[in-house]
Visitor: 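Sharing a structure below in structure tokens format, with a few things to ask.
Protein chains get the first letters and strands the later ones, always in sequence-line order, with residue 1 at the start of each.
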There are 2 protein chains.
Amino acid sequence: MPSGKPTLRDVAKAAGVSPMTASNALHGKPGVKDSTRAKVLAVAEKLDYRINLTASMLKSGRSNIIHIIVNEFDSPFYSKLVESLVTETTERGLTPFVEQTRYSPDAAKHALANNPFSGQLFDGEIIHASGLNAGVPLSAINHGRPLVLIDACEETPTFDTVNFPNEDGARAAVQHLIECGCHRIAIVGDGYSPRTELAHVESSSGLRLRGASGALLDAGLPYDESTNFIGYGSDSGIEAGHAIAEAMLEARAQSADDTAESRSPGTTRATGSTPAIDGIFCINDYAAFGVIRGLADYGIRVPDDVRVIGFDGATAGSYTTPTLSTVQVDLDQLAQFALDMITRRVEQRDQGDGRSDESAGMPATRATIGYTLVPRESTVGSANR
Amino acid sequence: MPSGKPTLRDVAKAAGVSPMTASNALHGKPGVKDSTRAKVLAVAEKLDYRINLTASMLKSGRSNIIHIIVNEFDSPFYSKLVESLVTETTERGLTPFVEQTRYSPDAAKHALANNPFSGQLFDGEIIHASGLNAGVPLSAINHGRPLVLIDACEETPTFDTVNFPNEDGARAAVQHLIECGCHRIAIVGDGYSPRTELAHVESSSGLRLRGASGALLDAGLPYDESTNFIGYGSDSGIEAGHAIAEAMLEARAQSADDTAESRSPGTTRATGSTPAIDGIFCINDYAAFGVIRGLADYGIRVPDDVRVIGFDGATAGSYTTPTLSTVQVDLDQLAQFALDMITRRVEQRDQGDGRSDESAGMPATRATIGYTLVPRESTVGSANR
DNA sequence: ATGAAAGCGCTAACAT
DNA sequence: ATGTTAGCGCTTTCAT
């Protein structure tokens, strides 16, 4: 027996067959007598043979590895997204290779283009495209290789894309706040945009804002700059929480003034005080956690003083205090869609005549995943428990 | 120009040198004239040459890929651990390959042994060993390849190991509760063990329990089964929270009874009622979040009614409500230690005469990372903010 | 159903 | 400082 690790030739020799037959037997390819296959498998088992993927990949050009690119690992949203993608990839017998960009377009570009694996090792790539569109020339980087974008939100997709139910989900969230009796609803996200500018947005945050503002206007509630706050993660969410708290306290004070004024009608004042904010839609759960935290810094309680709902369905929302109402998106479905799209293209390429250099091939497809509105303490209180 | 992707030969030809020179130039190896190197690099750039790692690995037997194995992605602790390990690996010019086992020893075994990459592709492996010792015969699986265990807690390490400051950190956490004025402190973890059995524990949870119970006994406070609850994640943590809440309410009721009894001294009763729990040490932050949540279900507030401290330093602890006091472990240091251990072995192997088959080589080393006690609202209230 | 030949793209080892 | 040779372990192709 040779010194190092057993190779396919060792197995073949010990089984009394050629390397080719051994290879076919091990891969379950047809055209191998059952008895032969059994013998090969037994020998491989005995020798503890392990295929050398490196050689296999070199020759065959296929790796069964799927490249998964996300912004970061340590956030409530991404850790769950990765979990879903990795699980689905593994269940299909493929190997997930996960990479993070830390929100840097350069890192994303590197992951896609300069990474020595890209284009040679990976059978397909899945990238969470949020905030990527600007900085990364995908078409120039991707030479017809299977690529799926997550939440790219393009109206005319240039790549296979799985989108979140951004507009509908946000609309449902705000409608839920309205049903809870909220009259003055704040939006925490990327900042205010007038409705006209939202008509053709192609970003996740823009679409969520469109859905949220649409729900407000449909209900005859105001949508303006004064109720828009910036928050997209825990830190900025805390700041948004502080800003909202101050606005609420000011409104309370003003309302107290008004009451006082009504008794002594000598003062000149704008008529009708602004009512205090009583509901908050956050563009994602991560920001919502921060907002609740920020409100608490001012002694404002959720949902007693103001109701809060997030978006995404982060795992943590079920065990925070209060538990977080949210629009739970179906990430398992997302993973299924994404891998369907990848495998479809891989198979096409395998069957293709090999001539189509940039294999324009099939047009880009698009899918949108489902969602569930999950009411929890942060909107309906503990009565619901 | 050839049809497919440019190979090293294409670059060499275009630069008017041999493939070997081109290879050396691209790898920054010494012994290449500067002008030659410049020319090669320019040509490679122009052709958009990308090294074929698969071929390179096949020939050289090195991949620069580090295998990182953790239990899961979507938990406050692991997402941060992965973040640190991946960042450090990347900064050293190595490529992290992250895999999750979902707490299955079989999956861990598979990742380490059956995974087609293992032992051929990876230059080194880092595995979070918690709850692994029993099910996985590491020595049989690992054939002298660089392997680092995280928190294996073995007294006599068989592999390079980086441990958490389990005992000291837990001790510090409980001391903090005591300094806050707690007299009756519950422990939420893997369950009660008598002190004698804790003398030689070799598990993370056992060591934390040893530290916690030691701090109690040192302060003359009781350590017994009645104040030990089972909780190690959010769900079990919630259950522990419920159990503790019920114990607290019962103690309150009993104390009310006692007061009543003292007025009507006719009843026979055990003397001295049990005081209510006023402090809780949780074996990790994940459980602590659940405990706080479970307490809230009973209307028990933290820290007003009971103080809570966790362990790990999960990112979320800084933006939950209340913010979570914790023993923050230095995961960046952990990543540095782990990669130092790996590279040390890789280098040794590279320099080795290649004869040492199972390269027993260097003895296993062990390191323990540092920690910081972070007091937050859950123990000291918002005065601290 | 099985085998033989050839070579994927690169780099270690040895020339020059 | 550069070039030549050989072959890593596998699988595609073509024979038998």
Side-chain angles (χ1 to χ4, degrees), chain A residues 2-40 43-44 47-64 116-117 119-121 350-354, chain B residues 2-41 43-44 47-64 116-117 119-121 349-354:
Chain A
S3 55
K5 304 202 172 305
T7 73
L8 182 61
R9 278 171 68 161
D10 298 329
V11 174
K13 202 175 294 175
V17 296
S18 75
M20 213 43 242
T21 302
S23 171
N24 286 331
L26 289 168
H27 286 287
K29 293 236 176 107
V32 181
K33 224 190 325 184
D34 281 356
S35 61
T36 311
R37 183 189 311 280
K39 200 193 311 172
V40 170
V43 170
L47 296 185
D48 193 32
Y49 169 75
R50 213 57 43 79
I51 189 176
N52 184 325
L53 260 212
T54 242
S56 164
M57 291 190 290
L58 175 57
K59 185 61 189 175
S60 70
R62 288 214 35 189
S63 68
N64 287 331
F117 286 175
Q120 331 212 33
L121 188 60
D350 282 2
Q351 294 166 4
D353 44 36
Chain B
S3 55
K5 302 199 174 308
T7 75
L8 182 62
R9 278 171 68 161
D10 297 330
V11 174
K13 202 175 294 175
V17 297
S18 77
M20 213 42 243
T21 301
S23 172
N24 286 331
L26 288 168
H27 285 284
K29 295 235 176 109
V32 180
K33 221 188 334 181
D34 281 356
S35 61
T36 311
R37 184 189 310 280
K39 200 195 309 172
V40 170
L41 291 178
V43 170
L47 296 185
D48 194 32
Y49 169 75
R50 213 59 41 80
I51 188 177
N52 185 325
L53 260 213
T54 245
S56 164
M57 291 189 289
L58 175 58
K59 181 64 187 173
S60 70
R62 287 212 37 185
S63 68
N64 286 333
F117 287 174
Q120 330 212 35
L121 188 58
R349 187 170 60 178
D350 282 2
Q351 294 165 5
D353 44 36

Visitor: Please check the phosphate of D:dT11 (OP1 and OP2 only) for any side-chain N or O of A:His27 closer than 4.0 Å.
Guide: yes
Visitor: Can you tell me if the side-chain N/O atoms of A:Tyr49 get under 4.0 Å from OP1 or OP2 in D:dG9?
Guide: no
Visitor: D:dC10, C:dG9, D:dT2: which one has an atom nearest the side-chain heavy atoms of B:Thr21?
Guide: D:dT2
Visitor: Does B:Lys29 place a side-chain N or O at less than 4.0 Å from the phosphate oxygens OP1/OP2 of C:dA12?
Guide: yes
Visitor: The side chain of A:Lys59 is closest to which nucleotide in this list: C:dG7, C:dT11, D:dT2?
Guide: C:dG7
Visitor: Would you kindly give the CE-to-P distance between A:Met20 and D:dT12, to the nearest whole Å?
Guide: 7 Å
Visitor: Rounding to a whole Å, what distance do you find between A:Met57:CE and D:dC8:C1'?
Guide: 13 Å
Visitor: Measuring to OP1 and OP2 of D:dT11, would you say a side-chain N or O of A:Ser60 lies under 4.0 angstrom away?
Guide: no
Visitor: Could you report the tightest heavy-atom contact between B:Thr7 and B:Tyr49, atom names first, then the distance?
Guide: C-CE1, 3.4 Å
Visitor: Considering only side-chain heavy atoms of A:Asn52, which listed nucleotide, D:dG9, C:dA4, C:dA12, is closest?
Guide: D:dG9
Visitor: Can you tell me which nucleotide in C:dG3, D:dT2, D:dG7 comes closest to the side chain of A:Val17?
Guide: C:dG3
Visitor: Between A:Lys5 (NZ) and D:dG9 (P), how many Å, whole number?
Guide: 11 Å
Visitor: Would you confirm whether B:Arg37, through its side chain, and B:Lys29, through its main-chain N or O, come within 3.5 Å as a donor-acceptor pair?
Guide: yes
Visitor: Map A:Ser56 and B:Ser35 onto DNA chain D by nearest heavy atom, then report which one ends up closer to the 5' terminus.
Guide: B:Ser35
Visitor: Considering every strand and a 4.0 Å limit on heavy-atom distances, what is the contact class for B:Thr36: base, sugar-phosphate, or nothing?
Guide: sugar-phosphate
Visitor: In whole Å, what is the span from the CG atom of A:Leu26 to the P atom of D:dG9?
Guide: 16 Å
Visitor: Could you check which of C:dC8, C:dT11, C:dG9 has an atom nearest any side-chain atom of B:Leu8?
Guide: C:dT11
Visitor: Roughly how many Å is it from NZ in A:Lys33 to P in C:dG3, rounded to a whole number?
Guide: 10 Å
Visitor: Using whole Å, report how far CG of B:Asn24 lies from C1' of C:dA15.
Guide: 14 Å
Visitor: Side chain of B:Ile51 only, heavy atoms from C-beta on: which candidate in D:dT12, D:dT2, C:dC10 is closest?
Guide: C:dC10
Visitor: Take A:Thr54 and B:Leu121 through the side-chain contact (heavy atoms from CB on, under 4.5 Å) test and state the conclusion after the steps.
Guide: CA-CA 7 Å; A:Thr54 242; B:Leu121 188 58; 4.1 Å; yes
Visitor: Please determine whether side chain to side chain donor-acceptor pair (under 3.5 Å) holds for the pair A:Asn64 and A:Arg62, giving the CA-CA distance in whole Å, both sets of side-chain angles, and the decisive distance to 0.1 Å.
Guide: CA-CA 6 Å; A:Asn64 287 331; A:Arg62 288 214 35 189; 2.9 Å; yes
Visitor: Which is it for A:Asp10 and A:Val43 under the side-chain contact (heavy atoms from CB on, under 4.5 Å) test, yes or no, and what are the steps along the way?
Guide: CA-CA 9 Å; A:Asp10 298 329; A:Val43 170; over 6 Å; no
Visitor: Check whether any side-chain N or O of B:Ser60 sits under 3.5 Å from a backbone N or O of B:Ser56 as a donor-acceptor pair, and report yes or no.
Guide: yes
Visitor: Among D:dG3, C:dT2, C:dC10, which nucleotide has an atom closest to any side-chain atom of B:Ser18?
Guide: D:dG3
Visitor: Nearest whole angstrom, please: distance from the C1' of D:dA6 to the CZ of B:Arg9.
Guide: 13 Å
Visitor: B:Thr7 side chain: which of D:dG9, C:dC10, C:dT11 is closest?
Guide: C:dC10
Visitor: Which whole-number value in Å describes the distance from A:Leu58 CG to D:dG7 C1'?
Guide: 12 Å
